[in-house]
Number of protein chains: 2
Amino acid sequence: MPKSASSVEKVDTSYLESLLGYNARRAALAVIEVFLQRMAQYDLRPVDFSVLSLVTHNPGITSRQLCTTLGILPPNLVGMINALEKRELIERRPHPRDGRAMGIHLTPSGEKLMRDAERTAAELEAEVASRLTAAEGRILIRLLKKVYL
Amino acid sequence: MPKSASSVEKVDTSYLESLLGYNARRAALAVIEVFLQRMAQYDLRPVDFSVLSLVTHNPGITSRQLCTTLGILPPNLVGMINALEKRELIERRPHPRDGRAMGIHLTPSGEKLMRDAERTAAELEAEVASRLTAAEGRILIRLLKKVYL
DNA sequence: TATTGTTATACTCTATAACTATA
DNA sequence: TATAGTTATAGAGTATAACAATA
C-alpha cells in the first residue's frame with residue numbers, strides 16, 4: 001500500500017492508556033462532568049463547592065488559606081468570594097488577630113445550601129463509586145493520595 | 001469566643017479528601033505538573049504529546065478521529081495541527097477514500113522526537129509510580145479505567 | 001442531508017505585575 | 001521588610017455558530 005493511502009479503521013489508544021497521567025486526567029474529567037450536572041441546581045461550580053466546603057468545615061478561614069489549600073491564585077479568588085458574598089452565602093468578618101485579613105463564614109442560607117449540596121455530593125460519589133466495590137473505592141482514593149501527597 | 005473572633009489554625013481538608021473527584025483531580029494535576037517540566041525540552045504540552053502519540057501509533061489518523069479520541073473540539077485542534085506541521089513534525093496527506101479528510105503522518109524528524117519523548121514519558125511514569133509499588137500502579141490504572149470507561 | 005475541516009469569536013480559567021493597608 | 005487582599009490585564013483553554021468542500 002502506498003504511503004499516501006494509509007488510513008485508520010479503529011484508533012489504537014493502548015499506549016496512552018498505559019500512562020498514569022492520562023488515566024488520572026480522564027477519570028477526573030469524568031467525575032467532574034457528573035459533578036457539574038448535579039451541582040447546577042445549586043448554581044455551584046466544582047471550585048465554588050470546594051471553597052464553600054472549606055468554609056463550612058473551617059469557619060473563619062481566610063482567603064489566603066483557601067488559596068493555599070486549593071491551589072488558587074489570590075487574584076482569581078477575589079471574584080469568586082465577591083460573587084458568593086453577593087449571593088449571601090458567605091460573609092466576611094474582621095480577623096481576630098490580623099487586621100489585614102478577613103475571616104470567611106457561612107450565612108444561615110449558605111449553611112442550608114451546603115447541607116443540601118453535600119448530601120448531593122455524597123449521592124454522586126456513591127453513584128460514581130458504584131462502578132467499583134466499596135473496597136476498590138477506598139483503595140483508589142488511598143493510591144491517588146500516595147501519588148499527589 | 002464571640003462569632004467575629006473565630007479563626008483557623010490548621011485547615012481541615014478531611015471532607016474534600018473523602019471525595020473521589022477531588023483526589024482524582026489533585027493526582028492528575030500533580031502528574032501533569034511533572035509532565036510539563038520534563039516535556040518542556042521538546043516544546044510539547046500534554047495535549048501535543050497526546051496528539052503526536054496517537055499519530056505515532058495510528059499513522060493516517062484524521063483530525064476528526066483525534067478530536068473524538070481526545071475530547072478536543074475540532075476548531076481547537078486546527079491551530080495545534082498547523083503548529084505541529086509548521087514545526088515539520090507531522091504532515092497531512094490526502095485520505096485514500098474520503099476527499100474531505102486528510103490523513104496525518106509523522107515526518108522523520110517527528111518520529112525521532114517522539115522516540116525521545118516517549119522514552120522521557122516512560123522515565124517520568126516510573127518516577128511518579130515510584131511512590132507506589134508496581135502492583136499498586138497496575139491496580140491504580142485499572143481502577144481509574146473502571147471509573148471513566 | 002450529513003460530515004470534515006475551517007474561520008471567527010466569545011467565554012472561562014489561569015497567570016503576572018503592581019498597588020494598599022497592615023504586620 | 002514581608003504579608004493579606006485587591007485591581008488590572010494578559011494568556012491559555014474551551015465553547016458555539018457558520019461556512020466551503022465533499023460524502
Side-chain angles (χ1 to χ4, degrees), chain A residues 7-8 11 25-26 28-30 32-33 35-37 39-40 43-51 54-55 58 60-86 90-105, chain B residues 7-9 11 25-26 28-30 32-33 35-37 39-40 43-51 55 58 60-86 90-105:
Chain A
S7 67
V8 177
V11 178
R25 181 159 184 278
R26 291 289 302 262
L29 289 175
I32 287 170
E33 188 184 333
F35 197 96
L36 278 169
Q37 293 166 359
M39 288 296 161
D43 195 18
L44 294 180
R45 297 164 302 161
V47 65
D48 298 314
F49 178 84
S50 299
V51 166
L54 283 176
V55 175
N58 300 272
I61 192 172
T62 66
S63 291
R64 172 63 53 167
Q65 288 175 310
L66 286 170
C67 285
T68 303
T69 305
L70 294 174
I72 302 170
L73 291 170
N76 299 329
L77 184 69
V78 175
M80 302 180 205
I81 295 293
N82 285 340
L84 294 173
E85 193 175 36
K86 198 163 193 175
I90 60 172
E91 61 181 17
R92 282 181 259 216
R93 302 185 196 150
H95 190 280
R97 289 181 311 283
D98 189 335
R100 297 168 303 182
M102 298 293 283
I104 301 172
H105 298 256
Chain B
S7 68
V8 177
E9 197 86 359
V11 177
R25 181 160 185 276
R26 290 289 302 262
L29 289 176
I32 288 170
E33 188 184 333
F35 197 96
L36 278 168
Q37 294 167 358
M39 288 295 162
D43 196 18
L44 294 180
R45 298 165 302 162
V47 65
D48 298 315
F49 178 85
S50 300
V51 166
V55 176
N58 301 271
I61 193 171
T62 65
S63 291
R64 171 63 52 167
Q65 288 176 309
L66 285 171
C67 285
T68 304
T69 306
L70 294 174
I72 301 171
L73 291 170
N76 300 328
L77 184 69
V78 175
M80 301 179 207
I81 295 293
N82 284 341
L84 294 173
E85 193 175 36
K86 198 163 194 175
I90 61 172
E91 62 181 17
R92 281 180 260 215
R93 302 185 196 151
H95 192 279
R97 288 180 312 283
D98 189 335
R100 297 168 301 182
M102 298 292 283
I104 302 172
H105 298 258

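Note that the structure is predicted; figures quoted are calculated from it, not measured. Protein chains get the first letters and strands the later ones, always in sequence-line order, with residue 1 at the start of each. When reading the values below, keep in mind they use all heavy atoms of this one structure, side chains included, and skip hydrogens, waters and symmetry mates.
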Taking C-beta and beyond as the side chain, do [X] and [Y] meet within less than 4.5 Å on heavy atoms?
X        : Y       : answer
A/Leu66  : A/Ile81 : yes
A/Pro46  : A/Met39 : no
A/Met102 : A/Ser63 : no

Count the heavy atoms belonging to other residues, nucleotides or ligands that lie under 6.0 Å from CD of B/Gln37, then report whether that count exceeds 12. yes
Contact list for residues 77-86 of chain B, test salt bridge (charged side-chain N to carboxylate O under 4.0 Å, His left out), sequence neighbours left out: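 Non-adjacent pairs meeting salt bridge (charged side-chain N to carboxylate O under 4.0 Å, His left out): B/Glu85-B/Arg92.
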For the pair made of [atom1] in [X] and [atom2] in [N], what is the distance, rounded to whole Å?
X        : N      : atom1 : atom2 : result
B/Ile32  : D/dA12 : CD1   : P     : 17 Å
A/Glu33  : D/dT14 : CD    : C1'   : 14 Å
B/Ile81  : C/dT4  : CD1   : P     : 15 Å
B/Met102 : D/dA21 : CE    : C1'   : 13 Å
B/Ile72  : D/dT14 : CD1   : P     : 8 Å

To the nearest 0.5 Å, what is the distance between [atom1] on [X] and [atom2] on [Y]?
X       : Y       : atom1 : atom2 : answer
B/Ser50 : B/Met80 : OG    : CE    : 9.5 Å
A/Leu29 : A/Arg26 : CG    : CZ    : 8.0 Å
A/Leu84 : A/Ile90 : CG    : CD1   : 4.5 Å

Residues that A/Pro75 engages under side-chain contact (heavy atoms from CB on, under 4.5 Å), provided they are two or more places apart: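 Here the qualifying residues are A/Leu73.
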Under the 3.5 angstrom rule, does the side chain of B/Gln65 hit a backbone N or O of A/Val8 as a donor-acceptor pair?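 Present.
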Tell me which residues in residues 60-71 of chain A lie within less than 4.0 Å of DNA chain C, going by non-hydrogen atoms. none
Non-neighbouring partners of A/Asp43 that pass side chain to side chain donor-acceptor pair (under 3.5 Å), sequence neighbours left out: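 Result, side chain to side chain donor-acceptor pair (under 3.5 Å) vs A/Asp43: none returned.
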Check: protein-nucleotides 19-23 of chain C nitrogen or oxygen pairs below 3.5 Å:
unit_1 : atom_1 : unit_2  : atom_2 : d
C/dA23 : OP1    : A/Gly99 : N      : 2.9

Summarise protein proximity over nucleotides 7-14 of chain C in one line of letters, 5' to 3': B for base, S for sugar-phosphate only, - for none, counting protein heavy atoms closer than 4.0 Å. BB----SB
